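These notes are about the structure you will find just below.
Owing to the predicted nature of the structure, the values given are computational and were not obtained by experimental measurement. Just so you know, residue 1 is the first one in the sequence shown, and it goes up from there.
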Amino acid sequence: MILPLAFPLMLLARPASATASFDPSTPAAAFTGQETYDQAGELKLWSRVERLEDPDRSLFRQEQFNDATAWPEEADWAPWIETCFGTPTPHSSAALLHMGLNESVASGTPILLVPGAGDNGVRAFVTMATRLDQGLRPVYALTFAHPHGDVFQQAEAVADAIARIRARTGAAQVDVVAHSKGGAAVAVYISNDGSAWGQDAYDSVGTTYRHDVRRAVFIATPLGGIDTSFRWPGANLASLDADTALSPTSWTTWYPYTTALPTVSDSLLDQYIGGGGADYFPGHRQLLAAWDGVYALPGDQAWLGVYALQPDWMTTYYGGMGYQSYSEGIDSAIDAGGDLIAALHDRGADPDVEIYLLAGENPLMPNGTEDWLTGTFDAAWLDLLGGALDSWSELVAAGIGNGLEDLGVTEGEVQGLASGDLILGDISGPSDGLVFVESALDGTALTTRGATVVESRTVNLSHIDMLYASDITGQMLIDSAGDDPSLAWMAALGARYIKANTLAWVETVLADDVSGDTGSTGSTGSTGTGSGDTGSGDTGSTGTGSTGTGSGDTGLPAAQLPAPGGCGRCSGVPAGSVPAWALGLVGLVALRRRGRDPSQAVIGRQAASTSGTA
């Protein structure tokens, strides 16, 4: 879209501020030393990491962490994040902004990458960021203070990050790529026209949309909502201990000796999705919507057999006392979350934002990452994990025969399910394992005021895989699998990566127009060093099509241009090798079953020395 010249000039004339007290010209701290490397200090991932802090305290608050959600001091999947925040439990007014390696010489429309629940800017986006950085676009990845935080606070953190990027680059607009729950925060910001949301603090100080987003790409974002916690209550069994829970429960009370002995019970309010206790997962209730009228609950789908018998499935979803639990029901939790999904549909995004939607339809997810998503479905299928090969074969065949897509599940992938290397996500309706396809493609959450969904695309990948798929990463998985029959599932996943090539799709839809309408005034600068500068050492698509195909003239001699394609620095990797930069794939897989000998990891320590979310 080519804007009249007066429009970008008008935007540049406006101060790039978020909440009234936020100063985008100088970060609270900046890091250019070890904090820009992987945890082992061997691979440089970013040129710079900044900590942004918003002084507002009417909206931002100290959200509560348990042991499992606090940032670890050292972790391959969250390198130096605790160090950059300065605490494992940061105040939600803080956020980290990770900057691409070529940020200082890049030009064109800046790109902001926003992660989903339980994730961070490194694990979610280092692979995509590296590829986009290779094209010499200014690339930034955001890490929220709380991995499961309130959506309205995170929407303001997005506004702060955009303000900082604009102050640093002089750009009038940015492009935003958001995954899962992170897309809800972006949707709130680009939909905030100044009218009331029913959230007093955000209504008072939340930044009214500044017309500073050119294109918004939503990857696996539940725009139509999600009901997984209530649909698959077996997941609650993994979160009965408040200190170690990786995901919220849909039960408020657990009766270890059944409700026949109601005097013995455990309160789950601290980890309950609706809040009421410590509230470790405040953002999850804001994503809730009931889907039982579209896709029957597992307990009502006879073809699932014994696996449909999730514990207390009826009382969990609709509320009441079950055999071993009590639940307020999904409607109560939706109300507790302010019914955000309905509010988004009523409001709609600013009509000038170009919108792209990407959904996955494969519910097979790699196991092994210590995150809330794999933990959820490990428990939901507890009785089936480690089951016989024929049990999994029968279940997959039954799913195809009962309305699910024939996704071309291979014999190796069925073996991967039986061995525990793969997890079967939500199969009660077409989904990426977590988010229904119909929810991820629900553009009506954004188009009420006239915004256009330029393209909707569905690929044969799971919820997390869409962040990593390319021809190069796919070939890496195939080469790593080799002829080992126990890794045939990995080869099949690699083939899906190559076919979907979501990284190339993102690169294409974000390409600056040949006309030069980049939304930027030039290359980036080094505005403000901050007080903490360390200085130390596919199935098709619908819509009107994507815009642009190239990255534009970089101004560099041809010999200095990065190789086309691939995933950034891995483009020149010979077939069959697994280079150190493969930290990006640690978040994708870890490729090992929890509890398995770490020496058996295929990609992980071997490569660099899993998420996710909604």
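Between Ala289 and Ile334, the shortest heavy-atom contact is CA-CD1, 3.9 Å. Of all the heavy atoms in Ser439 and Gly225, the pair that sits closest is OG-O, 2.8 Å. Contact between Phe144 and Phe85 at its shortest, heavy atoms only, is O-CZ, 3.7 Å.
Using modelled atom types, no side-chain atom of Asp432 and backbone atom of Asn362 make a donor-acceptor pair closer than 3.5 Å. Counting only distance, with no hydrogens or angles, the side chain of Thr452 and the backbone of Val454 share no donor-acceptor pair below 3.5 Å. Side-chain N or O atoms of Arg137 include none that pairs as donor or acceptor with a backbone N or O of Gln134 at under 3.5 Å. In this structure a side-chain-to-backbone donor-acceptor pair under 3.5 Å is missing from Thr69 to Phe65. Side chain of Arg168 to backbone of Pro24: no donor-acceptor contact under 3.5 angstrom is found. A distance-only check finds a donor-acceptor pair linking the side chain of Gln173 to the backbone of His211 [under 3.5 Å].
A salt bridge links Glu53 with Arg51: the distance from a Lys NZ or Arg NE/NH1/NH2 to an Asp or Glu carboxylate oxygen falls below 4.0 Å. A salt bridge links Arg285 with Asp279: at least one charged nitrogen is closer than 4.0 Å to a carboxylate oxygen. Of the charged side-chain nitrogens involved, at least one lies within less than 4.0 Å of a carboxylate oxygen, so that Asp513 and Arg215 count as a salt-bridged pair. For Asp119 and Lys181, the salt-bridge test fails: no basic side-chain N is under 4.0 Å from an acidic carboxylate O. One finds a salt bridge joining Arg164 and Glu50 here, because a Lys/Arg side-chain nitrogen approaches an Asp/Glu carboxylate oxygen to under 4.0 Å. Ion pairing between Arg214 and Asp512 holds under the 4.0 Å rule for side-chain N and carboxylate O.
The structure places CG of Asn102 at 4.0 Å from CG of Asp133, a figure rounded to the nearest 0.5 Å. Leu96 CG to Glu35 CD: the interatomic distance, rounded to the nearest 0.5 Å, is 10.5 Å. Atom OG1 of residue Thr221 and atom CG of residue Leu358 lie 9.5 Å apart, to the nearest 0.5 angstrom. Rounding to the nearest 0.5 angstrom, the gap separating the CD1 atom in Ile81 from the OG1 atom in Thr143 is 4.5 Å. Taken to the nearest 0.5 Å, the NE2 atom of His146 stands 9.5 Å off from the CH2 atom of Trp71. How far CD of Glu438 is from CG of Leu223: 12.0 Å, rounded to the nearest 0.5 Å.
Defined by atom type and a distance below 3.5 Å, a donor-acceptor pair is missing between the side-chain atoms of Glu156 and Tyr189. Asp465 and Ser462 are linked by a side-chain donor-acceptor pair at a separation below 3.5 angstrom, with hydrogens and angles left out of the test.
The aromatic rings of Phe281 and His148 lie perpendicular to each other, with more than 60° between the two planes, well past the 30° mark. In this pair, Trp197 and Tyr202 present their aromatic rings perpendicular. The plane angle is above 60°, beyond the 30 to 60° band. Between Tyr356 and Trp505, the ring planes are perpendicular. Angles over 60° get that label, and only those under 30° would be called parallel.
Residues Val437 and Thr458 form a side-chain contact, since some pair of their non-hydrogen atoms from C-beta on lies under 4.5 Å apart.
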Practice task
Apply the test side chain to side chain donor-acceptor pair (under 3.5 Å) to residues Ser195 and Arg347: give CA-CA distance (whole Å), side-chain angles for both, the deciding distance (0.1 Å), then the verdict.
Solution key: CA-CA 9 Å; Ser195 59; Arg347 186 175 303 253; 2.6 Å; yes
Practice task
Determine, stepwise, if the pair Thr444 / Thr447 fulfils side chain to side chain donor-acceptor pair (under 3.5 Å).
Solution key: CA-CA 5 Å; Thr444 60; Thr447 58; 5.7 Å; no
Practice task
Begin with the C-alpha distance, continue with both residues' side-chain angles, and end with the deciding distance and a verdict on side-chain contact (heavy atoms from CB on, under 4.5 Å) for Ser431 and Glu361.
Solution key: CA-CA 5 Å; Ser431 82; Glu361 62 176 0; over 6 Å; no
Practice task
Begin from the C-alpha positions of Arg48 and Glu103 and carry the test salt bridge (Lys or Arg N to Asp or Glu O under 4.0 Å) through to its verdict.
Solution key: CA-CA 9 Å; Arg48 177 184 176 96; Glu103 188 257 358; over 6 Å; no
